Number of protein chains: 2
Amino acid sequence: MRYDITIGEAARISGVKVPTIRYYEQIGLLPAPPRTEGNRRTYDDSDLRRLAFIRHARELGFEVSGIRTLLALQSDLTQSCGAADAVAREHLAEVEKRIASLTALKAELERMIEGCSHGRLAECKVIEVLADHGKCEHAHH
Amino acid sequence: MRYDITIGEAARISGVKVPTIRYYEQIGLLPAPPRTEGNRRTYDDSDLRRLAFIRHARELGFEVSGIRTLLALQSDLTQSCGAADAVAREHLAEVEKRIASLTALKAELERMIEGCSHGRLAECKVIEVLADHGKCEHAHH
DNA sequence: GTAATTCCTCTAGCCGCTATAGGAGCAAGC
DNA sequence: GCTTGCTCCTATAGCGGCTAGAGGAATTAC
């Protein structure tokens, strides 16, 4: 156990950049750690775990507000996990929506590129499709 | 042909909101239109086409810088379409990357939710997986 | 003639950082 | 001791792509 981890070490270990750690403290996602006499932040293992948690959740695309909820839940492990489950489910639905719209987009881009005759721009499908929304099957949000 | 379209009409026709149209003018994506005596913007059909082009490209996820390139290309239709093609291809690659990572994420979220025993949070996989990056197969960017 | 709507400009805010400026602290080599 | 170079500190501003609000002028509808 170490309780004298500098912000730089915490950044290297957690993979969260130094300014981002300070930012997380500022927005209350990470508790303000004790300081040395020289006013430097000192982190301990629990801070590293929290940072890892935050980083992973961010990588998974959770918003900060969702992470806040998850962190609050995590701190009371005796509670039912229904709320954590709900946050994750909500996020899953969001991810599925994004995948669907990106897949439609991919198809459209492929048609655009395929249709490009590699000749004069006047016949270029890329420009044409973008210029005329009616020419594509892109889902109208 | 109409050359006296108000910003509100342009917004209704193009589906781009009024403040967004003004914003596009501000960042130079849309030319500053002539004004009436009462200082109101007056648009014409070519502005509407440009707005539709921008809107569609944004819906397709193109960044403003990419749209700027496409608009510049569009204005010189005698050029080769190679550059437009390149912008679209680049964007396609980006979209494919996003789909891949979102699909991996979806799988992970599903495992998390499935693993949740709906009992005490202490055994909840959602929290557990988020707390320990090693427990998942999420691609390390 | 007046009330409602639309328009104008300007500024600030959103998210999740990232970058910069201008210092202070600290460890290592000479 | 002294300097070099690294890390750290705070504070502020910027990114993209808008969106929201204030406060006012012009136009339109009745």
Side-chain angles (χ1 to χ4, degrees), chain A residues 2 4-30 32-44 47 50-51 53-71 90-91 94 98 101 141, chain B residues 2 4-30 32-44 47 50-51 53-71 87 90-91 94 98 101 105 141:
Chain A
R2 299 176 55 198
D4 56 350
I5 303 163
T6 67
I7 196 168
E9 285 167 333
R12 275 187 290 282
I13 296 166
S14 69
V16 179
K17 288 178 192 161
V18 170
T20 307
I21 294 176
R22 287 196 280 246
Y23 169 71
Y24 286 160
E25 178 183 329
Q26 192 189 304
I27 64 170
L29 214 52
L30 199 65
R35 305 280 185 120
T36 65
E37 289 207 351
N39 198 33
R40 288 162 181 230
R41 291 168 177 87
T42 53
Y43 296 99
D44 64 16
D47 294 315
R50 199 173 174 99
L51 267 178
F53 183 99
I54 294 168
R55 187 200 165 193
H56 192 195
R58 286 293 301 137
E59 274 176 358
L60 288 176
F62 283 91
E63 290 176 9
V64 165
S65 65
I67 296 175
R68 235 184 267 274
T69 306
L70 289 170
L71 282 168
E90 215 171 285
H91 187 53
E94 188 50 48
R98 272 195 251 169
S101 96
H141 63 112
Chain B
R2 299 175 56 199
D4 56 351
I5 303 163
T6 67
I7 195 168
E9 284 168 333
R12 275 188 289 282
I13 296 165
S14 68
V16 179
K17 289 178 193 160
V18 170
T20 307
I21 294 176
R22 287 196 280 247
Y23 169 72
Y24 286 160
E25 178 182 328
Q26 192 188 305
I27 63 169
L29 214 53
L30 198 65
R35 305 279 185 121
T36 64
E37 289 206 350
N39 197 33
R40 285 157 184 233
R41 291 168 176 85
T42 54
Y43 296 99
D44 65 16
D47 295 314
R50 199 174 175 97
L51 266 178
F53 184 98
I54 294 168
R55 188 199 166 192
H56 192 195
R58 286 293 301 137
E59 275 176 357
L60 288 176
F62 283 91
E63 291 176 8
V64 164
S65 66
I67 296 174
R68 237 184 264 275
T69 307
L70 289 170
L71 282 168
V87 172
E90 215 171 286
H91 188 53
E94 188 50 48
R98 273 195 250 169
S101 96
L105 162 55
H141 61 115

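Keep in mind it's a predicted model, so treat the numbers as computed, not measured. Chain naming here is simple, since letters A, B, ... match the order of the sequence lines and numbering starts at 1 in each.
Atom CD1 of B:I7 sits about 7.5 Å away from atom CD of B:E25, to the nearest 0.5 Å. Distance check, rounded to the nearest 0.5 Å: CG of A:D44 to CZ of A:R50 gives 11.5 Å. Remark: A:L29 CG to A:F53 CZ distance equals 9.5 Å, nearest 0.5 Å. Distance check: A:L70 CG to A:H91 NE2 gives 10.0 Å after rounding to the nearest 0.5 Å.
Between B:R12 and A:Y24, the one whose closest nucleotide on DNA chain C sits nearer the 5' end is B:R12. Judged by closest nucleotide on DNA chain D, A:N39 is the one of A:N39 and A:Q26 placed further toward the 5' end.
When heavy atoms are screened at a 4.0 angstrom cut-off, A:R58 is found touching the sugar-phosphate backbone but no base atom. Residue-level contact check: A:R22 touches the bases, meaning some heavy atom is under 4.0 Å from a base atom. Note on A:I27: nothing from the nucleic acid sits closer than 4.0 angstrom, heavy atoms only.
Residues meeting the salt bridge (charged side-chain N to carboxylate O under 4.0 Å, His left out) test with B:R40, sequence neighbours left out: none. Every residue two or more places apart in sequence or in another chain was checked for a salt bridge (charged side-chain N to carboxylate O under 4.0 Å, His left out) with B:E90, and none qualifies.
Think of the region where chain A sits on DNA chain D: with heavy atoms and a 4.0 Å cut, that region ends 5' and 3' at D:dT7 to D:dT10. Here chain A contacts DNA chain C (any atom closer than 4.0 Å to a heavy atom, that is under 4.0 Å), and the contacts span C:dG16 to C:dC26 from 5' to 3'.
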Side-chain donor/acceptor pairs under 3.5 Å, residues 60-69 of chain B, sequence neighbours excluded:
from	atom 1	to	atom 2	distance (Å)
B:R68	NH1	B:I27	O	2.8
B:R68	NH2	B:I27	O	3.3
B:T69	OG1	B:S65	O	3.1

For residues 14-23 of chain A, tabulate all N or O donor-acceptor pairs below 3.5 Å that involve a side-chain atom, not counting sequence neighbours.
from	atom 1	to	atom 2	distance (Å)
A:S14	OG	A:A10	O	2.7
A:S14	OG	A:V16	N	3.1

